[in-house]
Protein chains: 2
Amino acid sequence: METASRPGLRERKKQRIRDALLRAALELFLTQGYERTTVDEITAAVDVSQRTFFRYYAGKEEAVFFTHSVAASHFVDAVRARPRDEAPLEALRQAVLQGWDGIGETIERIIPVELHLRTYQLIESTPALFATHLRRSAEVEEEIARVIAEREGLDVDTDPRPRVAVAVFGGVMRVTERLWGTGEDISVAAIHRLTVSHLDAVRPALAEKWRTDGADGASAAVN
Amino acid sequence: METASRPGLRERKKQRIRDALLRAALELFLTQGYERTTVDEITAAVDVSQRTFFRYYAGKEEAVFFTHSVAASHFVDAVRARPRDEAPLEALRQAVLQGWDGIGETIERIIPVELHLRTYQLIESTPALFATHLRRSAEVEEEIARVIAEREGLDVDTDPRPRVAVAVFGGVMRVTERLWGTGEDISVAAIHRLTVSHLDAVRPALAEKWRTDGADGASAAVN
DNA sequence: GAGGTTAGTGACAGCCACTGACAATTGACA
DNA sequence: TGTCAATTGTCAGTGGCTGTCACTAACCTC
């Protein structure tokens, strides 16, 4: 009866090492900076060999983005779960907001949410990580585009709308994240607020004239 | 009188090495792949020391993106040169199309345009390069957002519209580039056509309902 | 519970991108 | 032509990452 609840000593030991490495890595990255932290320092903190680190994580980057992968697949699932009568962009909007609000339960099993949220600041301030983050986002967007296309009964290779819609949405999310990640308030409430205000700014931003409709645009101001 | 036209032997020698390194690097990257090409191979082809390569280029990546930097600043200049009565998105649209059409004169002084265009395929097919490409694009977008904000007399830090508009535009351009770069036809005509069709798909993609307006959406189909 | 099997680890050697330091070389210029 | 300064080659070293191999400890069977 305990094979399901207790996965065996070997497996538990592995899990402990994986967790310890992740935590040590993130804490070192956040205190000393990503590039100034060597793998040797991480493994020294956990007291395993350098080789062991690379058996658990493909590299330093994978450690940084470990929890992000979890969050990303939750987001994709959330999009899939949206009612089919919702407009595509509305479904995406609800899915991200839902994802952010549920980030606690999603991440806390692995590391303190605080640590996860702080990785965004690390990513935004480290060019190499930021680049990887964008690439990973692009991969998620490709997946989302396929989901949207399926929802709408379209072929993602002949109709540009699914990818375009997702790209528009993703572009706005990047701006939002960046503003949030480079700011001081890394609370979930803050990202929630910024997400809403930026998504609401899409239609005004696409308007022909910006200068005359001051009321509409100014109302979407941020900060 | 010849300081301007003939920059001296030393300078010419440097330029020759810089060009030779760039060409050798790109040709090796394109034939063997980016990661399978070592810096030693590049410098061996040009017959200089490895150290010399790093004096001209900060790393392998910088060589790949050398011409892209030129193209990017031409694009930014083109946006700046657009008439101020043009709507922001229209100005961006015209500037990119203009940029692509003039890519020949812009790049040919450095390397054959053919080589430059092929680097897009390399970038799209090499995750590390793709990531860097996205980061660089994000930097350009930030610059463009400031230009747009200035054009419209807005503060980029309080009004979200400049960054949002540029992010929307940039998102669509990424999708376009990716489709083009992973396809077979890497002609300027092809990217021009894809750019137009994708930008035209933005409004339909933002529509509430996709299923009913089949005529509008299907007309924007690609390929 | 002894003994074989196998997964996981440490130790070591090595590749490659990249950097700093210093000496050798070679245009530039008087 | 000799001096100065810019460029280059050489060398040594760091750090991320990988392959290999022997060893240990968990697991499994009888």
Cationic N near anionic O, under 4.0 Å, [X] to [Y]:
X	Y	result
B:R136	B:E139	no
B:R146	B:E150	no
B:D200	B:R93	yes

| request: Hey, which sits more toward the 5' end of DNA chain C by its nearest nucleotide, B:T37 or B:E11? | output: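 Whichever sits nearer the 5' end wins; that is B:T37.
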
| query | Where each residue is assigned the nucleotide of DNA chain C containing its nearest heavy atom, which of A:K14 and B:D40 is assigned the position nearer the 5′ end? | reply |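 Between the two, 5'-proximity favours A:K14.
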
| task | Check every strand shown and say whether A:I42 touches a base, only sugar-phosphate, or nothing at a heavy-atom separation below 4.0 Å. | result |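 Counting heavy atoms under 4.0 Å across all strands, no contact is made by A:I42.
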
| Contact class for B:T43 (heavy atom, under 4.0 Å): base, sugar-phosphate, or nothing? |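 Answer is nothing: B:T43 stays at 4.0 Å or more from every strand.
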
When you measure from the side-chain N and O atoms of [X] to the phosphate of [N], is any distance below 4.0 Å, counting only OP1 and OP2?
X	N	value
B:Y57	C:dC18	no
B:K60	C:dA17	yes
B:Y56	D:dT8	yes

| Side-chain donor or acceptor of A:Y34 paired with backbone N/O of A:E61 under 3.5 Å |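 A pair under 3.5 Å: yes.
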
Atom-pair distance ([atom1] on [X]; [atom2] on [N]), nearest Å:
X	N	atom1	atom2	value
A:E62	D:dG16	CD	P	15 Å
B:R16	D:dT8	CZ	C1'	15 Å
B:E41	C:dC16	CD	C1'	11 Å

| task | Identify, residue by residue, the members of residues 44-55 of chain A with a heavy atom below 4.0 Å from DNA chain D, and return them in order of residue number, or none. | result |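 Output list: A:Q50, A:R51, A:F54, A:R55.
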
| query | Is any side-chain heavy atom of A:I42 closer than 4.5 Å to a side-chain heavy atom of A:T38? | reply |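 SC-SC contact between A:I42 and A:T38 ruled out.
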
| Should the ring pair A:Y120 and A:H68 be called parallel, tilted or perpendicular, given that the plane angle runs from 0 to 90° and is split at 30 and 60? |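 Answer is tilted, since the angle falls between 30° and 60°.
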
